[in-house]
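One structure is given below, encoded as structure tokens.
This one's a predicted model, so the numbers in the text were calculated from it and none came from an experiment.
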Amino acid sequence: MAEKGIYTKRNDGRKMDEVRPMSAKVGIVPSADGSASFQTGKTKAIAVVRGPRTLHPQHMQDAKTGILRVNYGMMPFSVEDRIRPGPNRRSEEISKVTEWALSSVIDLSGFPNTVVDVFIQIPQADAGTRVAGINAAAMALAHAGIPMREMVSAIGVGKIDKTLVIDLDKYEDSEFHDGEGSTDIPLVMTSRSKEIALLQLDGKISIPEFKAVIEMGKKACDNILKIQMDALKNITGEGNE
Ligand code: UDP
């Protein structure tokens, strides 16, 4: 491992700007309106879309547009310590930020008084679950035929001690506190306008480092977009056979 305060070698042998092995599938839940999965390393996310359906209770309806509702949750067996089922502060925050990121690219004006539900579940978690969930959800929305101005692709970037890194795993996300600690930046990019649809920052980073790490993230998002588009072209229909 690295000398104190300097992170020179990644635990799993990756280069600093190298993501984990990634894969995606669309159509994994045939009974849903749209569904997809996205995996990076040991982190796996499943997203299912239901709707648009009439929103109840009626007083929550918007006569001008449909609304998006995201529900993110980690499965009890997704990490070594059992996760308590049901919502908590973290899952509610992730559901909300995912809702904001996806709302920036979908157009539900053609579906007044309705709701589109996106259910994101994490069967395996090794950090980066919110960005994996957003990648899966974007594909599931496209699969459901929800009008989208463009796609979104997401990645975690950050800094471990003094080194900029991409796609941190749980070990990197938590183990490095002998130097400057680790900084975690989930980033969501839009596919065409190349705008940032969501950015969160947990930790410290200088402005030049921040700019460099965002560039690293943008490049990775371009590759993730290809993985998403390939999966959308090859819908599996798993379970339909
Ligand atoms: N984690 C955990 N138990 C929890 C919440 C999170 O073990 O109750 C782990 C899990 O591997 C998760 C990682 O911590 O992926 C990082 O969580 P964070 O809140 O930073 O969100 P994420 O990186 O998954 O989007």
Side-chain angles (χ1 to χ4, degrees), residues 1-24 38-45 93-94 97-98 100-102 104-105 122 124-139 150-231:
M1 197 35 63
E3 68 182 85
K4 192 172 164 69
I6 314 263
Y7 189 58
T8 52
K9 197 165 183 305
R10 297 185 85 168
N11 197 35
D12 57 7
R14 273 187 289 152
K15 290 188 218 122
M16 298 303 168
D17 61 352
E18 186 179 345
V19 298
R20 291 175 277 183
M22 291 179 169
S23 60
F38 186 88
Q39 184 153 3
T40 176
K42 293 193 201 112
T43 290
K44 180 167 185 165
E93 177 219 316
I94 295 178
V97 297
T98 302
W100 292 337
L102 296 170
S104 66
V105 290
I122 309 296
Q124 274 185 198
D126 187 24
T129 63
R130 78 193 63 200
V131 288
I134 290 169
N135 287 331
M139 289 183 284
E150 48 190 320
M151 276 294 279
V152 284
S153 307
I155 189 72
V157 293
K159 191 179 134 187
I160 299 171
D161 297 331
K162 291 181 167 37
T163 309
L164 303 181
V165 288
I166 197 159
D167 198 16
L168 288 73
D169 63 20
K170 176 66 186 157
Y171 177 76
E172 294 180 324
D173 196 22
S174 49
E175 294 295 312
F176 291 86
H177 302 294
D178 63 330
E180 292 167 18
S182 72
T183 300
D184 180 20
I185 308 173
L187 173 71
V188 184
M189 292 281 309
T190 60
S191 59
R192 215 166 357 91
S193 54
K194 304 289 176 199
E195 281 174 7
I196 292 173
L198 175 73
L199 189 146
Q200 294 185 281
L201 173 58
D202 184 11
K204 284 187 194 164
I205 194 160
S206 70
I207 291 171
E209 284 171 334
F210 178 77
K211 285 184 178 162
V213 91
I214 295 301
E215 279 312 307
M216 218 188 217
K218 281 185 178 177
K219 273 190 204 145
C221 283
D222 285 341
N223 289 327
I224 292 168
L225 178 65
K226 286 188 197 121
I227 295 171
Q228 291 170 300
M229 298 313 284
D230 281 349

Minimal non-hydrogen separation, [X] against [Y], with atom names:
X: Val131; Y: Pro186; result: CG1-CB, 3.9 Å
X: Ala132; Y: Phe38; result: O-CB, 3.7 Å
X: Ala220; Y: Val19; result: CB-CG1, 4.1 Å
X: Ile227; Y: Ala24; result: CG2-CB, 3.7 Å

For residues [X] and [Y], determine if any side-chain heavy atom of one lies less than 4.5 Å from a side-chain heavy atom of the other.
X: Asp167; Y: Ile155; answer: yes
X: Ile134; Y: Leu198; answer: yes
X: Ile214; Y: Ile196; answer: yes

Residues in salt bridge (Lys or Arg N to Asp or Glu O under 4.0 Å) contact with [X], at least two apart in sequence or another chain:
X: Lys194; answer: Asp222
X: Lys218; answer: Glu215
X: Asp184; answer: none
X: Glu18; answer: none

Can you name the side-chain hydrogen bond (donor to acceptor under 3.5 Å, both in side chains) partners of [X], sequence neighbours left out?
X: Gln200; value: Glu93, Arg130
X: Asp17; value: none
X: Thr129; value: Tyr72, Arg90
X: Ser153; value: Gln228

[X] [atom1] to [Y] [atom2] distance, which is reported to the nearest 0.5 Å:
X: Glu150; Y: Met189; atom1: CD; atom2: CE; value: 9.0 Å
X: Ile160; Y: Glu172; atom1: CD1; atom2: CD; value: 4.0 Å
X: Thr190; Y: Met151; atom1: OG1; atom2: CE; value: 11.5 Å
X: Ser174; Y: Leu168; atom1: OG; atom2: CG; value: 9.5 Å

I'd like to check the side chain to side chain contact (heavy atoms under 4.5 Å, CB included) partners of [X]; sequence neighbours left out, ordered by chain and number.
X: Ser23; value: Gln39
X: Ser104; value: Ala197
X: Leu201; value: Thr183, Ile185, Ile205
X: Met16; value: Tyr7, Arg10, Thr163, Val165

Query - Derivation of the side chain to side chain contact (heavy atoms under 4.5 Å, CB included) call for Ile224 and Thr40 - result: CA-CA 10 Å; Ile224 292 168; Thr40 176; over 6 Å; no
Query raised in the report: Can any side-chain N or O of Thr43 pair as donor or acceptor with the backbone N or O of Asp126 at less than 3.5 Å?
Result: yes
Query - Charged N-O contact under 4.0 Å between Arg20 and Asp12 - result: no
Query - Val157/Leu164 under side chain to side chain contact (heavy atoms under 4.5 Å, CB included): CA gap, chis, key distance, verdict - result: CA-CA 8 Å; Val157 293; Leu164 303 181; over 6 Å; no
